[in-house]
J.: 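The structure's right below; bear with me while I get my questions together.
Predicted, not measured: the structure shown is a model, and the values here were computed from it.
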Amino acid sequence: MRKQLNKEVAVFKSRMNRKRALIADTFCLTKRRRCAADSVTGESQADIRSSLQYLVTLFSRKLFNDSLPPVVLKHQLYSLHNDKTSVDKQVVRSDCNKCSTWDSVQSHFIIITLMHSEALVFSFPRQNELRETGELLMFQLGFDSEAFALVFAEDYRAKVLQGEAGRGTLGTVEKFLTKLIPSCSDLSFNKEKMLKEFLFTDSEITQLVKSGVLTVRDAGSWWLSIPNSGKFIKYFIKGRKAVLGMVKKSKYGEILQTELEGRRTTSQVKFQMKYHIHDIIGAELVECIQTTSGTLLRYVDGNVN
């Protein structure tokens, strides 16, 4: 009886050792793949930064008397990068407390229980995202719940302080920017965070709303905002509709991208044509078809923009 029991224990231990080895080999492979992915991510980050810098050059600074920081729409990046996930990894914050996706979990720790108190723990590095490093800020634009503006943090700081020069709210705004850049990548703030973490008073919060760096989201919470961005939104929406109208009115509702880029703009189009073209492509308001003559843009029926 004892010999039989010892034999069964030996068989069980042998099986468990094989399982441990299999799991360890699997995660070593996963870790190697993860490291390889990290090196690709580094290149991707540089590519996306370059794309942002290119789109910034299309922003019409003079239109706003150089009072606004250059604004890029997140979906405009999709017109330059086929892989939306790569874009989102760099500009959209990953927060494990709010997200249960595999990517967010593997950014921290994975624990696999083997037997009762035994466990294997594997740690994975976080993505070095542009927003988490404080290089980029993101804003929710009120005209569309899916429209997010991207602004380089230093451009935002410079233009906000330029607009606050000589005003009584300057000190409070400077304090807010110090808290915001580079350690915070939130889109909005609730009252508890503003009072207890950022240490602002109710009157200071009122000053921040007055200065335009915050706008009311609902009772007790505020969106991070770009001061004086109302004019930008107005021109952007009008320009989008006008450019989409050009595509729709073309023969068969389609036009070569190069031809559209060369079109004379109407009074409704304040931005460079390319700025709007990257918008309508990235927002999937037109369909892109590759032809021997170049990219053909086809109007998508059902657009309400």
Side-chain angles (χ1 to χ4, degrees), residues 43-61 63 68-92 130-131 136-152 226 229 232-305:
E43 296 174 4
S44 174
Q45 187 184 70
D47 291 341
I48 291 170
R49 184 186 291 106
S50 296
S51 297
L52 280 167
Q53 291 168 341
Y54 161 69
L55 291 169
V56 160
T57 66
L58 303 180
F59 183 81
S60 303
R61 295 172 183 259
L63 188 60
L68 281 183
V71 178
V72 172
L73 280 297
K74 180 170 73 76
H75 63 258
Q76 287 177 310
L77 289 169
Y78 299 157
S79 70
L80 299 170
H81 298 271
N82 292 327
D83 187 356
K84 293 183 179 181
T85 302
S86 295
V87 173
D88 289 344
K89 280 184 177 180
Q90 297 303 323
V91 302
V92 179
L130 291 171
R131 288 183 62 216
L136 198 67
L137 296 174
M138 188 159 77
F139 307 81
Q140 208 283 326
L141 298 179
F143 71 90
D144 186 342
S145 62
E146 297 300 319
F148 295 95
L150 301 172
V151 176
F152 282 109
I226 305 170
S229 58
F232 162 78
I233 294 173
K234 177 183 176 181
Y235 287 164
F236 176 80
I237 293 173
K238 284 186 176 181
R240 170 190 275 189
K241 289 181 177 179
V243 173
L244 273 177
M246 294 178 191
V247 179
K248 186 177 182 180
K249 292 174 183 177
S250 299
K251 189 175 182 180
Y252 305 120
E254 54 191 35
I255 185 174
L256 286 172
Q257 182 174 337
T258 51
E259 183 181 341
L260 184 60
E261 289 173 355
R263 282 279 185 95
R264 291 185 60 183
T265 58
T266 66
S267 59
Q268 299 294 312
V269 182
K270 305 291 185 182
F271 295 101
Q272 292 187 47
M273 184 63 81
K274 286 185 178 181
Y275 188 87
H276 284 297
I277 290 174
H278 285 297
D279 162 51
I280 62 175
I281 292 175
E284 298 182 344
L285 300 176
V286 293
E287 182 182 358
C288 293
I289 302 168
Q290 300 304 320
T291 71
T292 55
S293 301
T295 302
L296 187 72
L297 305 182
R298 177 178 293 165
Y299 182 81
V300 175
D301 290 330
N303 284 332
V304 295
N305 296 64

J.: Which value, rounded to the nearest 0.5 Å, describes the distance between Leu150 atom CG and Leu73 atom CG?
T.: 8.0 Å

J.: For Val151 versus Pro70, what's the shortest heavy-atom pair and its separation?
T.: CG2-O, 3.8 Å

J.: Quick one: closest heavy-atom pair of Val269 and Ala242, and the distance?
T.: CG2-CB, 3.7 Å

J.: Who pairs with Lys238 by salt bridge (charged side-chain N to carboxylate O under 4.0 Å, His left out), at least two apart in sequence or on another chain?
T.: none

J.: Quick check: do Leu244 and Lys248 have side-chain heavy atoms less than 4.5 Å from each other?
T.: no

J.: Measure the CD1-NZ distance between Ile280 and Lys241 for me, rounded to the nearest 0.5 Å.
T.: 14.5 Å

J.: How long is the gap from SG on Cys288 to CD on Glu254, to the nearest 0.5 Å?
T.: 12.0 Å

J.: So which atom in Ser51 and which in Leu80 form the shortest heavy-atom distance, rounded to 0.1 Å?
T.: CB-CD1, 3.8 Å

J.: Phe232 vs Phe59 aromatic rings, parallel, tilted or perpendicular, using cut-offs 30° and 60°?
T.: tilted

J.: Looking at Val87 and Ile48, what are the two nearest heavy atoms and their distance?
T.: CA-CD1, 3.6 Å

J.: Start with the C-alpha distance between Arg298 and Ile289, add both sets of side-chain angles, then the distance that settles side chain to side chain contact (heavy atoms under 4.5 Å, CB included), and finish with yes or no.
T.: CA-CA 8 Å; Arg298 177 178 293 165; Ile289 302 168; 3.2 Å; yes

J.: Scan side-chain atoms only and decide if Tyr78 and Asp83 contain a donor-acceptor pair under the 3.5 Å cut-off.
T.: no

J.: Tell me, do Leu52 and Leu136 make a side-chain contact under 4.5 Å, heavy atoms counted?
T.: yes

J.: To the nearest 0.5 Å, how far apart are OG1 in Thr295 and CD1 in Ile277?
T.: 10.5 Å

J.: Rounded to the nearest 0.5 Å, what's the gap from CZ on Phe148 to CG on Leu77? Could you check?
T.: 13.5 Å

J.: For the pair Ser60 (side chain) and Leu63 (backbone), establish whether a donor and an acceptor sit closer than 3.5 Å, ignoring hydrogens and angles.
T.: no

J.: Just verifying a value: how many Å separate Ile281 CD1 and His75 NE2, rounded to the nearest 0.5 Å?
T.: 10.5 Å

J.: Walk me through it: do Lys249 and Tyr299 pass the test side chain to side chain contact (heavy atoms under 4.5 Å, CB included)?
T.: CA-CA 9 Å; Lys249 292 174 183 177; Tyr299 182 81; over 6 Å; no

J.: Can you confirm whether the side chains of His81 and Asp47 place a donor and an acceptor under 3.5 Å from each other?
T.: no

J.: Scan residues 264-278 for pairs that pass side chain to side chain donor-acceptor pair (under 3.5 Å), counting only residues two or more places apart or in two chains.
T.: Tyr54-His278, Ser79-His278

J.: Does the ring centre of Phe143 sit less than 6.0 Å away from the ring centre of Phe236?
T.: yes

J.: So, the side chain of Gln140 versus the backbone of Ser145: is there a donor-acceptor pair under 3.5 Å, distance only?
T.: yes

J.: Are Leu55 and Leu58 packed together at the side-chain level, in the sense that at least one heavy-atom pair is separated by less than 4.5 angstrom?
T.: yes

J.: Which pair of non-hydrogen atoms, one from Leu256 and one from Leu296, has the smallest distance, and what is that distance?
T.: N-CD1, 3.7 Å

J.: Which residues pass the salt bridge (charged side-chain N to carboxylate O under 4.0 Å, His left out) test with Glu287, sequence neighbours left out?
T.: none

